[in-house]
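These values consider heavy atoms only, across backbone and side chains, with no hydrogens, waters or symmetry-generated copies. For clarity, every value in this text was computed on a predicted model and none was experimentally measured. All chains are named by letter (A, B, ...) in the order of the sequence lines, taking the proteins before the strands, and each is independently numbered beginning at 1.
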Number of protein chains: 2
Amino acid sequence: MRLSTRGRYGTRALLELALHQGEGPVLLRDIARKQEISLSYLEHLITPLIAAGLVASTRGPKGGVMLAKPAEEIRLNEIIYLLDGPIAPVECVNSKKACARSEKCAPRDIWQELRKAMNDILSSITLKDLASRQIAKEEFEGTMYYI
Amino acid sequence: MRLSTRGRYGTRALLELALHQGEGPVLLRDIARKQEISLSYLEHLITPLIAAGLVASTRGPKGGVMLAKPAEEIRLNEIIYLLDGPIAPVECVNSKKACARSEKCAPRDIWQELRKAMNDILSSITLKDLASRQIAKEEFEGTMYYI
DNA sequence: GTATTGTTGACCAACATAGTCTACAATAAT
DNA sequence: ATTATTGTAGACTATGTTGGTCAACAATAC
Ligand code: FES
Ligand code: FES
């Protein structure tokens, strides 16, 4: 029952972007450094986010990446989905065909409840919310933010 | 965000036992057949459950395994924990030391909410509940149960 | 044109998953 | 006591996933 680094790193990278929204493109290198993610790895993580239209990128000098839409329009479940695939704890929760007898499987109902609970939480939180939380944490401590 | 087969198979195996509670030892072979789990694999899954005192086993002819305590005293989170380890979506949710700066990580709060939600669900359901659900499903269909 | 940035894809080491197979230990029935 | 029957333990393995690295390439500001 583990979230992969992809989802976590991606979330952190986007949080970073949310915190710098409106300041123009941010260098991948800077995100990588601040979040302590390997640059080469981050490159891979950012790709699907660009493809999905969450992130806009510009190449060349003064280039970088930035959020392609307001932080309040990006929900965490989107991010996780793009990087880790469906939230489902088991295949059959999404596609009945995965397990042969999904029709009469009591455990399956439980897995579905799990899925729903997770999805409800993740889809209730926007990047904006996350950024606000982060800022609150930092102000409380009075230090430079880091994640 | 996936539950491994261990947790799923284990749950199904225990459900099977719950449905046969009070009928004496059930053969591993029978569980394996009914649940379509490889016997050799099931043997591995049952071991930690025995060690944890959820299941009692007797060897030799007329042997087999059975629930070591009433089905209403076994909660799903126990089973999952024994077979899949901590529910935590990320390390740092359990042990702060896993991530260096867990103190000021907003995402971490989210992961903790996720953990709590999952745990709440799993710990609210006992094997007895699961068995009842299963029986209800079968009666509704009027067929032999299978999972 | 050149330095700078993102983009792509090939490649890889380590680990986890989902098993199999074999030898062994206990015990009930005879 | 022997034997057939059951669970127990451990070594082994094949496959996939994770979490990367590296090098070549494409776009663009200057
Ligand atoms: S149907 Fe997929 S777990 Fe039972
Ligand atoms: S502290 Fe572990 S994800 Fe941020």
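- Closest to the A:Glu43 side chain, of the nucleotides C:dT7, D:dG20, D:dA9, is C:dT7.
- Whole-Å rounding puts the B:Glu91 CD to D:dG19 C1' distance at 15 Å.
- Contacts of A:Ser40 with the nucleic acid, taken as non-hydrogen atoms under 4.0 Å apart, include base atoms.
- Salt-bridge formation is not detected for the pair B:Lys34/B:Asp30: no Lys NZ or Arg NE/NH1/NH2 atom is positioned less than 4.0 Å from an Asp or Glu carboxylate oxygen.
- Under 4.0 angstrom from either OP1 or OP2 of D:dG19 there lies at least one side-chain N or O belonging to A:Thr5.
- If you take OH of A:Tyr9 and P of D:dT18, they are 13 Å apart, rounded to a whole angstrom.
- Summarising the geometry, the separation between CG on A:Leu45 and P on C:dT7 is reported as 13 Å, rounded to the nearest angstrom.
- Distance CG (B:Asp30) to C1' (D:dT5): 13 Å, rounded to an integer number of Å.
- Atom pair A:Leu3:CG and D:dT17:C1' shows a separation of 15 Å (rounding to whole Å applied).
- Between the C1' atom of D:dG20 and the CZ atom of A:Arg8 lies a distance of 14 Å, rounded to the nearest Å.
- If you check the side chains of B:Thr126 and B:Asp129, you find a donor sitting under 3.5 Å from an acceptor.
- One interatomic measurement links the two molecules: CE of A:Met66 to P of C:dT5, which rounds to 16 Å at whole-angstrom precision.
- The distance from atom CD1 of A:Ile37 to atom CD of A:Glu16, rounded to the nearest 0.5 Å, is 9.0 Å.
- Across the interface with DNA chain D, nearest-nucleotide mapping of B:Leu39 and A:Arg6 shows B:Leu39 to be the residue nearer the 5′ end.
- Backbone-only engagement by A:Val26 is indicated by non-hydrogen atom pairs under 4.0 Å involving sugar-phosphate atoms exclusively.
- Each of C:dT7, D:dG20, D:dG7 was ranked by its minimum atom distance to the side chain of B:Arg59; first place goes to D:dG7.
- An OP1 or OP2 oxygen of D:dT6 is reached within less than 4.0 angstrom by no side-chain nitrogen or oxygen of B:Ser57.
- Of all nucleotides listed (D:dG7, D:dG20, C:dG19), D:dG7 comes nearest to the side chain of B:Leu27.
- Judged by closest nucleotide on DNA chain D, A:His44 is the one of A:Lys62 and A:His44 placed further toward the 5' end.
- The side chain of B:Ser4 lies closest to C:dA18 when the candidates are C:dT7, D:dG20, C:dA18.
- Rounding to whole angstrom units, CG of residue B:Leu42 and C1' of D:dT8 are separated by 13 Å.
- Using a 4.0 Å cut-off between charged nitrogen and carboxylate oxygen, B:Glu91 and B:Arg115 do not count as a salt-bridge pair.
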Please evaluate residues A:Ile125 and A:Arg133 with respect to the criterion side-chain contact (heavy atoms from CB on, under 4.5 Å), reporting the C-alpha separation (whole Å), side-chain torsions for both, the decisive distance (0.1 Å), and the verdict. CA-CA 11 Å; A:Ile125 301 175; A:Arg133 288 183 188 227; 4.1 Å; yes
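- Among D:dA23, C:dA28, D:dA9, the nucleotide with an atom closest to any side-chain atom of B:Pro61 is C:dA28.
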